[in-house]
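Notes for the one structure printed next.
In listed order, ligands and their atoms are each counted from 1.
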Amino acid sequence: MTPQEKKHAVALAALGFIRSGMVLGIGTGSTVNAFIAALKDHKISLAGAVSSSRATAELLKAARIEELELNSTGPLDLYIDGADEATRQRALIKGGGAALTREKIVAAASKRFVCIIDDSKLVEVLGRFALPVEVIPMARSQVARELLALGGQPVYREGVVTDNGNVILDVHNLMLTDPVAFESTVNQITGVVCVGLFARRGADDLLVASDAGVQHLC
Ligand code: 5RP
């Protein structure tokens, strides 16, 4: 299967979790875009959806899915999102699309988080994909020094401003053998808005598309 075919397959598998009338959280990225297309194709009727980015909000509008404000929905039935890397224990690295903060908020507000990926993203230990960290702009260099002291190699993602008006540092050369502890440590650095480690609240279900089909890890 091509990468696009895998995205399509895993998006279709995610439809199996949806019931009509649900309020969904919907993440960001090309795999999620395939999921939104599948929702549209199958004419699934939702009560509405909370989006994790402006880019996804545009696609929801085009698919005629009502966009809701998280402040008015209460807990969400289900959150569907992709990831940049995942372990079989369902810890994730996210934020390749710079939407990590809103993604983490929507995940936290959801009763169930179904993550959809292809098998190229499944790893034994997180860290091959550089870990995105969203930072208040004036704290960029200070936070970079702190991340260096933790053993990473932070690189400023130039030209990118998040939907929240912040910047991203991508931290290379990490081997995240204890992602829960590392997530807590980075959260404590002053100036960090959000770290793209989803380990304290990982996915509840991980759907992995490969040539053999879609595997469900839970
Ligand atoms: C955006 C994300 C995405 O979920 C992640 O980058 C995966 O994207 P794609 O499905 O395009 O590979 O975290 O911030």
Side-chain angles (χ1 to χ4, degrees), residues 1-15 24-39 49-60 70 76 78-87 90-110 112-123 126-135 155 157 159-172 174 176 179 183 186 192-210 214 217:
M1 271 197 260
T2 65
Q4 193 52 42
E5 285 168 340
K6 287 180 183 173
K7 283 174 195 176
H8 183 63
V10 80
L12 286 182
L15 288 187
L24 293 190
I26 303 191
T28 301
S30 54
T31 316
V32 161
N33 294 351
F35 171 72
I36 296 171
L39 278 177
V50 173
S51 150
S52 73
S53 64
R54 290 191 192 135
T56 292
E58 288 299 317
L59 289 178
L60 293 180
L70 186 60
L76 304 174
L78 192 64
Y79 180 46
I80 306 283
D81 199 0
D84 299 299
E85 231 174 49
T87 65
R90 292 169 273 109
L92 314 171
I93 287 183
K94 294 184 45 54
L100 60 159
T101 301
R102 294 188 187 197
E103 290 172 342
K104 205 174 252 196
I105 293 167
V106 181
S110 299
R112 191 169 183 184
F113 175 7
V114 176
C115 182
I116 51 178
I117 61 169
D118 69 60
D119 54 350
S120 68
K121 294 173 172 177
L122 199 57
V123 296
L126 296 172
R128 189 180 64 197
F129 190 93
L131 178 66
V133 181
E134 180 165 349
V135 176
V155 175
R157 202 185 294 180
V160 172
V161 176
T162 70
D163 284 354
N164 314 306
N166 299 313
V167 296
I168 300 279
L169 294 170
D170 291 306
V171 190
H172 295 253
L174 293 171
L176 298 168
E183 181 177 355
V186 177
V192 166
V193 175
C194 183
V195 54
L197 255 181
F198 288 55
R200 296 168 71 213
R201 199 273 186 261
D204 299 303
D205 301 82
L206 183 63
L207 302 181
V208 187
S210 70
V214 176
L217 300 172

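- Of the protein's heavy atoms, E103 OE2, 3.1 Å lies nearest to atom 1 (C) of ligand 1.
- Counting protein heavy atoms only, atom 3 (C) of ligand 1 is closest to T28 O, 3.2 Å.
- Residues K6 and S210 bring no donor and acceptor atom of their side chains to less than 3.5 Å of each other.
- In this structure, the side chain of T31 does not engage the main chain of K7 through any donor-acceptor pair within 3.5 Å.
- Per-residue contacts place A99 under 4.0 angstrom from the following atoms of ligand 1 (heavy atoms of the residue considered): 14 (O).
- No donor-acceptor pair under 3.5 Å is formed between the side chain of E58 and the backbone N or O of A55.
- Residue G95 approaches ligand 1 through these ligand atoms, each under 4.0 Å from one of its heavy atoms: 2 (C), 13 (O), 14 (O).
- Distance from atom 12 (O) of ligand 1 to its nearest protein heavy atom, with residue and atom name: K121 NZ, 2.5 Å.
- Of the protein's non-hydrogen atoms, K94 NZ, 2.9 Å is the one closest to atom 4 (O) of ligand 1.
- D204 places a side-chain N or O within 3.5 Å of a backbone atom of F113 that can act as its donor or acceptor partner.
- In terms of modelled atom types and a separation under 3.5 Å, the side chain of D163 and the main chain of R54 share a donor-acceptor contact.
- Among R112, R102, K104, K94, the one residue that satisfies the salt bridge (charged side-chain N to carboxylate O under 4.0 Å, His left out) test with D81 is K94.
- Listed for the E85 side chain is a donor-acceptor partner under 3.5 Å among the backbone atoms of R128.
- No donor-acceptor distance shorter than 3.5 angstrom exists from the side chain of E103 to the backbone of S52, with no hydrogens or angles considered.
- For ligand 1, the atoms closer than 4.0 angstrom to any heavy atom of G82 are 4 (O).
- Applying the 4.0 Å criterion to heavy atoms of D81 picks out, from ligand 1, the atoms 4 (O).
- Distance from atom 8 (O) of ligand 1 to its nearest protein heavy atom, with residue and atom name: G29 CA, 4.0 Å.
- Between T28 and S53, the side chains place a donor N or O and an acceptor N or O closer than 3.5 Å (distance only, hydrogens not considered).
- Nearest protein heavy-atom contact of atom 10 (O) of ligand 1 is T31 OG1, 2.6 Å.
- With hydrogens left out, the protein atom closest to atom 5 (C) of ligand 1 is D84 OD1, 3.1 Å, a heavy atom.
- Contacts between A98 and ligand 1 below 4.0 angstrom, taking non-hydrogen atoms only, involve the backbone exclusively.
- The protein atom (non-hydrogen) at minimum distance from atom 11 (O) of ligand 1 is S30 OG, 2.5 Å.
- Within the 4.0 Å heavy-atom cutoff, K7 does not count among the residues contacting ligand 1.
- A donor-acceptor distance shorter than 3.5 angstrom exists from the side chain of D118 to the backbone of S120, with no hydrogens or angles considered.
- For A83, the closest heavy-atom approach to ligand 1 falls below 4.0 Å.
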